[in-house]
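As the structure lists them, so they are numbered: ligands from 1, and atoms in each ligand from 1. Residue numbers run from 1 in the order of the sequence given.
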Amino acid sequence: MTSTDQQPFLSIKDLKVHFSTEDGVVKAVDGLSFDLVRGKTLGIVGESGSGKSVTNLTILGLHNPDSTTVEGSIVLDGDELNGAPEKTLEKLRGNKMSMIFQDALASLSPYHTVGRQIGETYRKHTGCSKKEARDRAIEMLRRVGIPQPDVRVDDYPHQFSGGMRQRAMIAMALVCDPELLIADEPTTALDVTVQAQIMDLLKDLQQEFGTAIIFITHDLGVIADIADDVLVMYGGRCVERGTKEEVLRDPQHPYTLGLLSSMPALDGPVDVPLSPIPGSPPSLLNPPSGCRFHPRCAFAEKVADGLCSTERPPLEVVDGRGSACHLTPEQRRELFADFAGSRQH
Ligand SMILES: Nc1ncnc2c1ncn2[C@@H]1O[C@H](COP(=O)(O)OP(=O)(O)OP(=O)(O)O)[C@@H](O)[C@H]1O
Ligand code: SF4
Ligand SMILES: [Mg+2]
């Protein structure tokens with residue numbers, strides 16, 4: 001391990017991604033910062049529409065420059081990607097950084113065999129021969145657990161089951177041994193057994209290649225399984241971050257507390273009553289003032305002077321741990337005690 005291994009491999013600073021639409025400006029990501037080192041997995045969790053996919057598509061440069069404004073900094077292995085020429089980004093995509101998309105079928109072409117699609121990605125970045133590309137595709141299909149890969153390499157996507165297509169997409173994302181892998185809900189559509197196999201596969205590949213992984217999910221159970229660190233997003237902002245243990249065992253933000261209360265304890269009794277977070281996610285066209293969570297927060301009235309609805313709580317991060325909430329640590333200890341009690345066993 002070299003001394004640079006603990007330097008952030010990916011560093012996002014004050015990222016803002018705004019879309020111009022007919023109805024106005026959608027502030028999909030609004031001041032997001034985080035770091036990721038090599039060989040680690042960052043879990044990003046948050047409700048639908050919180051900006052998880054937009055953040056990661058922007059890292060890859062896959063946004064429409066005509067209707068999207070991107071501010072802030074995206075540094076990958078020392079290079080600034082925000083504003084980098086499309087040619088540079090294209091070179092990096094699939095090679096240094098790659099993504100497993102939310103929808104496997106939409107990202108595989110129906111007109112080419114699975115093997116050709118995987119092989120062509122490899123050939124484009126390495127300039128190898130067609131024979132070498134095919135061999136590599138077979139090797140990758142074997143690695144992701146496709147039976148008879150030397151035969152299935154010639155199948156078209158529709159000849160694969162849903163789980164196999166997802167594996168094929170993972171094979172394609174990993175064919176060039178990317179140093180950064182972004183997995184956007186890669187297992188949501190799959191049954192539990194296949195989900196578990198794919199998670200194991202990602203862990204194995206990470207161990208083998210030291211890949212840095214961003215894993216996006218709604219599911220805190222998945223986070224508990226795969227992540228080292230966790231970033232909780234709400235309304236285009238980070239509301240809490242820390243190690244997996246810190247965030248799941250000792251949440252510091254009412255929204256994280258709400259997420260945890262809406263799922264069974266990870267290793268606790270299953271008969272604890274669950275309470276989903278009341279209300280709906282914020283509009284990103286006209287986001288709530290102050291703390292974006294205030295219209296849904298059960299604790300907003302505990303903060304003096306109506307601060308929750310007027311002032312944005314800053315995200316103060318010390319040693320990678322932080323949350324954006326006006327409550328004092330003492331208030332949190334007191335108010336969150338019930339939650340901790342219900343999870344003790
Ligand atoms: N091209 C676009 N133009 C306008 N608005 C957009 C565009 N792309 C995304 N959005 C909006 O940005 C917000 C964030 O979307 P995003 O896809 O990042 O959510 P998400 O957290 O990935 O949700 P999910 O869990 O449902 O996948 C949403 O309100 C979405 O409607
Ligand atoms: S700042 Fe106020 S509204 Fe926001 S999470 Fe904290 S207590 Fe709730
Ligand atoms: Mg998404």
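Ion pairing between a basic and an acidic side chain is recognised when a charged N comes within 4.0 Å of a carboxylate O; Asp30 and Lys16 show no such pairing. Salt bridge Arg116/Asp155: absent, no basic N to carboxylate O contact under 4.0 Å.
Every residue two or more places apart in sequence or in another chain was checked for a ring pair (Phe, Tyr, Trp, His ring centres under 6.0 Å) with Phe215, and none qualifies.
Not close to ligand 1: Gly46, with no non-hydrogen atom less than 4.0 angstrom away.
Contact record, Arg136 with Asp177: NH2-OD1, 3.2 Å, taken as the closest heavy-atom pair. Closest approach of Met99 to Leu60, counting heavy atoms only: SD-CD1, 3.4 Å.
Looking only at protein N/O/S atoms, the ones less than 2.8 Å from atom 8 (Fe) of ligand 2 make 1 in total.
The OG1 atom of Thr243 sits 10.5 Å away from atom NZ of Lys40, with the distance rounded to the nearest 0.5 Å.
Using cut-offs of 30° and 60° for the angle between ring planes, the His158 and Tyr156 rings count as parallel.
Between Phe19 and ligand 1, no N or O atom pair is found at a separation short of 3.5 Å. For a threshold of 3.5 Å applied to N or O pairs, the pair formed by Thr55 and ligand 1 contains no separation below that value.
Of the listed options Val54, Val45, Thr58, Val54 places a heavy atom closest to atom 18 (O) of ligand 1.
When non-hydrogen atoms are compared, ligand 1 lies under 4.0 Å from the side chain of Thr21 (C-beta onward) but not from its backbone.
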